[in-house]
Amino acid sequence: MTNTNGNLLDVRDLRTYFYTEDGEVKAVDGISFQLQRGETLGIVGESGSGKSVTNLSIIRLIPEPPGRIVAGKVMFDGVDILSLQESEVRKIRGRRIAMIFQDPMTSLNPFMKISRQMMEVTQLHLGHSKNEAYEHAIKMLETVGIPEARARVDNYPHEFSGGMRQRVMIAMALSCEPELLIADEPTTALDVTIQAQILELIKKLKQVTGTSVILITHDLGVVAGMTDHLIVMYAGKVFEQASTAELFARPGNPYTQGLMRSVPDPLKEQGELYQIPGLPPDVAHLPPGCPFAPRCQRAEELCTREFPPFVQLTAEHFSLCHFAQAVYEESAAQP
């Protein structure tokens with residue numbers, strides 16, 4: 001079955017819970033979004049907001065126990081991944097959907113040469129012979145900008161710098177020309193210069209291959225020039241979603257405004273950098289009402305009592321806030 005409506009990925013009411021000694025943790029609680037072919041979607045939010053769990057759920061990598069996907073659908077090219085047998089999911093994972101993880105040093109096997117780790121992917125999914133897989137590994141290392149790839153393909157991970165290890169991870173992820181690439185905080189452990197190089201590399205490879213991308217980050221500055229659409233997550237919920245241009249121009253949620261104020265502006269004289277007051281909530285013991293209310297400067301008594309509605313501000317702009325319309329109009333009025 002092939003999807004013909006333009007959406008490569010359609011996530012509907014996804015719920016992933018963890019069952020711990022502290023109780024039921026609703027890490028992802030009713031997430032819905034779509035991703036069209038060739039688009040890049042950014043998912044942003046503080047640590048613990050549910051970004052990574054959302055994407056681990058998409059490719060069925062939630063550890064059971066303690067985690068469990070309790071509800072929802074993940075329609076990939078018209079097929080619900082959550083309804084497939086594990087053997088069928090393995091054919092998709094790595095072949096049609098690939099993932100770049102945060103820390104390449106924990107994702108790469110330190111005892112195996114880079115060549116062997118890259119060859120396993122294409123031998124499994126593309127049926128390459130040993131020689132074909134070896135040559136393909138060299139070609140992919142060259143594609144991601146690793147100098148002297150033929151001489152370095154038999155090195156071990158510790159013989160590469162952090163930025164080069166991340167390039168190896170990107171090469172592995174793109175080896176089978178996946179339709180969807182999920183990049184989970186791909187630049188977190190890297191310095192600013194290398195961050196920019198890695199992001200530019202992902203952007204360039206996406207343009208060449210046409211791969212759809214989901215970029216997960218806690219930094220709104222990272223996604224500004226990289227994405228077509230944005231989802232802002234908090235406490236396992238979508239707090240705001242819109243096109244990237246629309247969300248940056250007219251945010252309709254106080255939490256999004258806080259995240260944007262936390263990004264340094266190189267064009268302005270920088271005083272003390274703003275930070276959202278308080279800490280992210282304990283998802284196992286959320287307060288009644290809006291989970292952001294204890295940290296929100298705009299919160300009123302209503303916010304602490306009633307969970308907010310998901311307000312439609314424009315055709316593609318939604319915000320989870322009692323005062324979404326007012327916040328949106330104030331943002332639109334600002335120069």
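Every heavy atom of this structure was used, including side-chain atoms; hydrogens, water molecules and symmetry mates were not.
At most 12 non-hydrogen atoms from other residues, nucleotides or ligands lie less than 6.0 angstrom from CZ of Arg116. Environment of CD in Glu86: crowded, with over 12 heavy atoms of neighbouring residues, nucleotides or ligands closer than 6.0 Å. Within a 6.0 Å sphere centred on CD of Gln85, other residues, nucleotides and ligands contribute 12 heavy atoms or fewer. Atom CD of Glu148 is surrounded by 12 or fewer heavy atoms from other residues, nucleotides or ligands within 6.0 Å.
Note that the CE atom of Met119 and the NZ atom of Lys130 stand 6.0 Å from one another [nearest 0.5 Å]. Summarising the geometry, atom CZ belonging to Arg167 is positioned 5.5 Å from atom CG belonging to Leu201; distances are rounded to the nearest 0.5 Å. In this structure, CG in Leu56 is found 5.0 Å from CD1 in Ile62, a value given to the nearest 0.5 Å. Distance CD/Glu46 to NE2/His218: 10.0 Å, rounded to 0.5 Å.
Defined by atom type and a distance below 3.5 Å, a donor-acceptor pair is present between the side-chain atoms of Glu39 and His229. Between the side chains of Asn253 and Tyr234, no donor-acceptor pair of N or O atoms lies under 3.5 Å. A side-chain donor-acceptor contact under 3.5 Å links Thr16 and Ser57. Inspection of the Glu240 and His317 side chains reveals an N or O donor paired with an N or O acceptor under 3.5 Å. The closest side-chain donor-acceptor pair between Tyr19 and Glu64, if any, does not fall under 3.5 angstrom.
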Practice prompt. Start with the C-alpha gap between Arg298 and Glu330, add the side-chain angles, then the distance that decides, and say whether side chain to side chain contact (heavy atoms under 4.5 Å, CB included) holds.
Written response: CA-CA 13 Å; Arg298 195 188 183 97; Glu330 290 168 8; 3.0 Å; yes
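Within the 4.5 Å cutoff, side-chain heavy atoms of Glu24 are placed close to those of Lys26. Two residues are said to be in side-chain contact when any heavy atoms from C-beta on lie closer than 4.5 Å; Ile182 and Ile216 meet this criterion. Residues Glu300 and Phe323 meet the side-chain proximity criterion, which asks for heavy atoms closer than 4.5 Å. Between Ile69 and Tyr17 there is no side-chain heavy-atom pair separated by less than 4.5 Å. Looking at Ile92 and Leu84, their side chains come closer than 4.5 Å, going by heavy atoms from C-beta outward. In this structure, the side chains of Ile114 and Phe160 come closer than 4.5 Å at one or more pairs of heavy atoms. Contact check for Leu41 versus Val213: no side-chain heavy atoms found under the 4.5 Å cut-off.
The hydrophobic clustering, which links ILVMFWY residues whose side-chain heavy atoms are closer than 4.5 Å, places Leu313 and Met260 apart.
In this structure, the ring pair (Phe, Tyr, Trp, His ring centres under 6.0 Å) partners of His136, at least two apart in sequence or on a different chain, are His128.
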